[in-house]
Amino acid sequence: MSKEYVTAREISGPLLVVDHIEGAKYNEIVRIKAADGSIKNGQVLEVDGDRALIQVFEGTSGLNLGQTKIRFLGRGVEVGLSPSILGRIFDGSGRPIDGGPSVIPDKQKDINGNPMNPYARDYPSEFIQTGISAIDGLNTLVRGQKLPIFSGSGLPHAQIAAQIARQAKVLGKEEKFAVVFVAMGITFEEANFFISDFRKTGALERSVMFVNLANSPVIERIAAPRFGLTAAEYLAFDLGMHVLVILTDMTNYCEALREISAARKEVPGRRGYPGYMYTDLATMYERAGRIKGKKGSITQIPILTMPEDDKTHPIVDLTGYITEGQIFLSRNLFQQAIYPPIDVLPSLSRLKDKGIGEGKTREDHPDVLNQLFAAYARGREVRELAVVLGESALTKTDLIFVRFADEFEQKFVKQGEYENRSIEETLDIGWELLSMLPVSELKRVRPQFIKKYLSKYTKEENVKDVA
């Protein structure tokens with residue numbers, strides 16, 4: 001039995017300082033007994049000689065310096081895992097909150113995990129279909145990728161997250177697919193939306209949910225994504241499943257990190273966030289990927305609410321450095337009642353070229369992607385020019401591109417919350433839109449694809465004459 005200490009020296013926010021201890025280790029779990037007999041759990045944040053700094057998961061209220069008993073357990077935070085976690089809902093500390101029984105574990109794993117060996121990593125190269133055209137068609141998600149969604153306050157990122165969780169699948173042969181959904185610092189109303197939506201649509205059957213509410217202890221918010229990622233690693237690399245991890249909202253996670261840093265009296269970095277925030281985020285984002293010789297994979301979609309829609313905010317900035325692209329939500333499109341309000345021009349999936357084309361999506365996908373992007377960019381540019389100069393200053397071709405941009409937003413970007421488009425449907429909508437343009441303007445599509453696909457949508461004679 002480990003030794004019990006009654007040498008608590010200082011309490012500050014969620015932190016407890018204990019003196020005269022022996023053999024404590026970083027990240028070790030601590031059992032804390034208050035004067036009234038209640039039990040709390042904590043974790044060692046720092047060891048300095050015979051002194052340890054402990055973060056208390058349930059908060060320090062009810063603890064006093066003279067009567068608090070502390071016992072070091074000699075292990076890190078672990079989570080019990082088995083195939084029965086699928087279809088279950090847990091809190092941010094891995095305890096069931098769905099009324100079901102506790103998980104009987106096949107395996108215990110430390111939630112901090114081990115970094116993926118860069119040499120053992122396999123390059124992401126397979127398409128994941130989300131059913132959302134603006135993602136599948138233009139900012140394709142690839143298996144093993146980290147692709148964040150940058151949103152703003154009041155934008156429908158929660159609905160988009162739920163839609164992706166419902167619809168995401170791997171194409172081709174029947175592959176085992178699962179979703180790990182981690183919600184941090186959300187309101188009871190948001191939690192109720194996610195849980196009821198997952199149950200109603202049947203998405204819960206292949207999902208594991210970790211829900212941390214806004215009124216839960218701030219320490220739990222730090223642990224929640226690590227519980228989720230450990231569950232994802234078990235499903236992917238022990239059970240051979242392809243796992244999509246959705247983390248919402250990483251801004252709440254970083255606020256919790258700042259709060260604990262302030263309680264530890266650390267020197268603040270940019271905007272008060274700790275200087276190690278980049279490293280901390282990287283320890284989670286880099287747990288996505290594929291391992292050579294293993295069947296499973298982990299793909300991540302972190303969701304961030306940009307404070308004041310600021311793209312230069314430290315959370316957004318650092319996430320952009322670590323991940324492989326970004327999807328931006330546009331307040332302007334949202335105000336035009338376009339759902340999902342994905343702004344495709346600043347959005348980017350850096351790995352999209354590896355997951356599209358013949359044998360993965362469809363042979364014409366790369367050309368359609370490039371042409372749609374170029375035509376929409378030109379249409380947006382001309383539309384802004386028309387505001388300054390007036391429509392009378394535009395050429396006939398300019399007017400066609402303006403109309404193309406409008407139709408692109410209404411037909412390609414806009415779709416129903418429960419509308420699940422296949423990649424073929426998405427590409428066919430793309431060809432239908434491209435038929436609005438003169439064939440001479442389709443400079444990014446190979447002639448054989450123009451002949452094969454465009455003739456369905458246009459009667460223009462020179463389609464047959466394309467060289």
Less than 6.0 Å separating the ring centroids of Y273 and H313? yes

Salt bridge flag under 4.0 Å for residues D19 and R51: yes

Donor + acceptor pair across side chains of E255, N252 (<3.5 Å): no

Check this for me: does any side-chain nitrogen of one of K109 and D238 sit under 4.0 Å from a carboxylate oxygen of the other? yes

Within the structure provided, determine whether P101 and R88 are in side-chain contact (heavy-atom separation under 4.5 Å). yes

Would you check if F328 and L345 make a side-chain contact, meaning some heavy-atom pair closer than 4.5 Å? no

Salt-bridge test for R143 and D122: reply yes if a basic N is under 4.0 Å from a carboxylate O, no otherwise. no

With sequence neighbours left out, write down each residue that passes side-chain contact (heavy atoms from CB on, under 4.5 Å) with P105, or none if nothing qualifies. Q108

Do H20 and T7 have side-chain N/O donor and acceptor atoms under 3.5 Å apart? no

Quick one: closest heavy-atom pair of G131 and Q415, and the distance? O-NE2, 2.9 Å

If the threshold is 4.0 Å, N to carboxylate O, is there a salt bridge linking D317 and R270? yes

Please check if the side chain of R331 supplies one atom and the backbone of P341 the other of a donor-acceptor pair under 3.5 Å. no

Under 3.5 Å, is there a donor-acceptor pair linking the side chains of T312 and D310? yes

Residue pair Y253 / N212, side-chain donor-acceptor N/O under 3.5 Å: no

Considering only NZ, NE, NH1 and NH2 on the basic side and carboxylate oxygens on the acidic side, decide whether E126 and R290 come within less than 4.0 Å. yes

Between Q129 and I423, is there a donor-acceptor pair closer than 3.5 Å when you use the side chain of the first and the backbone of the second? yes

Are the charged groups of E46 and R264 less than 4.0 angstrom apart, N to O? yes

Please confirm whether the ring centroid of F194 lies under 6.0 Å from the ring centroid of F181. yes

Mind checking what makes side-chain contact (heavy atoms from CB on, under 4.5 Å) contact with Q167, not counting sequence neighbours? I132, Q163, N420

Look at E286 together with R121 and state whether they make a salt bridge at an N to O cut-off of under 4.0 Å. yes

Which residue pairs satisfy the ring pair (Phe, Tyr, Trp, His ring centres under 6.0 Å) criterion with at least one member in residues 68-88, sequence neighbours excluded? Y5-F72

Hey, is R199 close enough to D98 for a salt bridge, meaning N to O under 4.0 Å? no

Ion pair present between R350 and E324, side-chain N to carboxylate O less than 4.0 angstrom? no

Looking at K360 and D136, is there a salt bridge between them, counting it only when a charged N and a carboxylate O are closer than 4.0 Å? no

NZ/NE/NH1/NH2 to OD/OE distance under 4.0 Å, E22 and K3: yes

Look up atom CG in L141 and atom CD1 in I135, then write down how far apart they are to the nearest 0.5 Å. 7.5 Å

